[in-house]
Number of protein chains: 2
Amino acid sequence: MQPEYERPIVTVDIVLMTIVEGALAVALLERDNAPFQGVPALIGGYVHTDEDEDAEAAVRRILKAKAGLEGLFFEQLRSFAGRDRDPRGWSVSIAYFALVPPSLLSGGTGKTLLLRPASAPGELPFDHERIVLAARERLRGKGAYSTIAACLLPKVFTMSELQGTYETVLGETLDQSAFRRKMKDLDLLEEVEGEKRQTLIARRPTTLYRLKAAPSVFDRRI
Amino acid sequence: MQPEYERPIVTVDIVLMTIVEGALAVALLERDNAPFQGVPALIGGYVHTDEDEDAEAAVRRILKAKAGLEGLFFEQLRSFAGRDRDPRGWSVSIAYFALVPPSLLSGGTGKTLLLRPASAPGELPFDHERIVLAARERLRGKGAYSTIAACLLPKVFTMSELQGTYETVLGETLDQSAFRRKMKDLDLLEEVEGEKRQTLIARRPTTLYRLKAAPSVFDRRI
DNA sequence: GTAATAGTGTCTTTAAGACACTATCCA
DNA sequence: TGGATAGTGTCTTAAAGACACTATTAC
């Protein structure tokens, strides 16, 4: 057996994103401990080798403990590893990005998350700005080719809400007719019984939809 | 400062792929040390916190030391982390995939790499079969939307060779006319002076090309 | 009726696929 | 000349974009 090298620190960091006032926002949390105690940073923590089965288990544990959130969509982004990213020494951050509908945050469950514009989260400790950037790129890239944008909405939504979500994820406006045609062709949504008004003032009621299956990718742009 | 948890083992594993007889192949290496000593596995090794600046540095060091290869295209795939993937304990493998032109392997530099079909690499230790699968999916996915396939060829290549490479990466045949039109529209190649024959028997000489820039993505399928 | 959003129809433009054709070389 | 691959032209098909139009509600 070859000599063992000093083991790096291993953490999990989560870029939790939502939509606030039509723009993407990242959720930050003031750090409990040194280094950077009290400074807003990505939601994260050590991997607990005694209780976490794998990295996803760590993510679930941390999201629940630190943000009071469960059942979110999340997926691994990539890892950031090196000597200089953490003052404690050589470290690995297995980065995830997670999406949460704003309705889940306004509910009582969420802890006091700081919501900052994803495009300008302010100065962040470690290499967290880079991680946020990677998450934004991933979301934008996947937005055009998958249904993940729907994870920023409640389970049931209107076609306009879905289109609006895609528009903020992609950062461009979409044609209503083309959007609906594409969604219909892809056959990923199913209608839900019930009616909905969008604002207080009067107008035509709307069909409600939900995803037929878990978020999935498709071959062509929206 | 919160209590420190037992630190996981951190390794880097590389899915080195090339083309052999028109099919994708993975390069394996017999393991020097326990566990699974002598068993073919992905090229990998511990992160050396004393000498590796970051994970990419570890990849470069390992590729050079264990395969005698330098200057390859490689990129991070994702990490695989958990309690049960390595008998030594909770571990993180930061997985990379790398592409190498077959010509570089046949040269004297390469060590004794085992080349196995990527679609059937045989039984592998740890979760290396899963990592190979992830690499194949990534290559296939990116193949249709990027120029990475060109990394499986020498710097200078013919249009037919490029098309052939795309065909093996994507696992489907492509129309010659459409392929050339697409390549021309994308304007990612530049002509190189010089002539080339493809086989021994006589035929028309061919224009040679090279990538204008580092591998990049485009918005639509090939 | 009007205001407001929901939803459709259709023409245009663009990209991809199919496939036959011509070009250029060597033996 | 024929064999072989290089390279082009053009028609068809499919998807995306533009944009105007109709529908249904509250008031």
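Here is how names work: the chains are called A, B, and so on, in the same order as the sequence lines, proteins then strands, and each is numbered from 1.
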With B/Gln163 via side-chain contact (heavy atoms from CB on, under 4.5 Å) - residues at least two apart: B/Glu167, B/Leu174, B/Gln176, B/Phe179
d(CG, A/Asp219; P, C/dA15) in whole Å: 16 Å
B/Gln163 CD to D/dG7 C1', straight-line distance once rounded to whole Å: 11 Å
A/Glu195 CD - C/dA6 P separation (whole Å): 13 Å
Most 5' of B/Asp185 and A/Tyr209 on DNA chain C, judged by nearest nucleotide: A/Tyr209
Rounded distance in Å - CG (A/Leu162) to P (C/dA6): 12 Å
Sugar-phosphate only, base, or nothing, as touched by B/Ser160 at under 4.0 Å among non-hydrogen atoms: sugar-phosphate
Salt bridge present between A/Glu70 and A/Arg60 (N-O < 4.0 angstrom): no
Smallest separation among heavy atoms of B/Ala95 and B/Gln76, with atom names: O-CG, 3.6 Å
Between P of D/dA15 and NZ of A/Lys184, the distance in whole Å: 14 Å
Most 5' of B/Arg220 and A/Pro205 on DNA chain C, judged by nearest nucleotide: A/Pro205
Separation of C/dA15 C1' from B/Phe218 CZ (nearest whole Å): 13 Å
Atom-to-atom span, CZ of A/Phe157 to P of C/dT5 - whole angstrom: 20 Å
Presence of A/Thr206 side-chain N/O under 4.0 Å of C/dG7 phosphate oxygens OP1/OP2: no
Salt-bridge contact A/Arg210-A/Glu191 (side-chain N to carboxylate O under 4.0 Å): no
Sub-4.0 Å heavy-atom contacts from residues 165-181 of chain A onto DNA chain D, ordered by number: A/Asp175, A/Ser177, A/Arg181
Aromatic ring proximity, centroids under 6.0 angstrom, B/Tyr96 and B/Phe73: no
Residues B/Thr206 and B/Thr158: side-chain donor-acceptor under 3.5 angstrom: no
Over-ring placement of B/Arg78 relative to B/Phe80, 6.0 Å and 45° cut-offs: yes
Base-pair map of DNA chain D as dot-bracket, where | denotes pairing with a different strand and pairs are Watson-Crick or G-U under 3.5 Å: |||||||||||||||||||||||||||
Donor-acceptor contact below 3.5 Å, side chain A/Ser79 vs main chain A/Ala81: no
Value in whole Å for how far the P atom of C/dG7 lies from NZ of A/Lys182: 20 Å
For B/Leu211, the option from B/Leu189, B/Val156, B/Leu153 that meets side chain to side chain contact (heavy atoms under 4.5 Å, CB included): B/Leu189
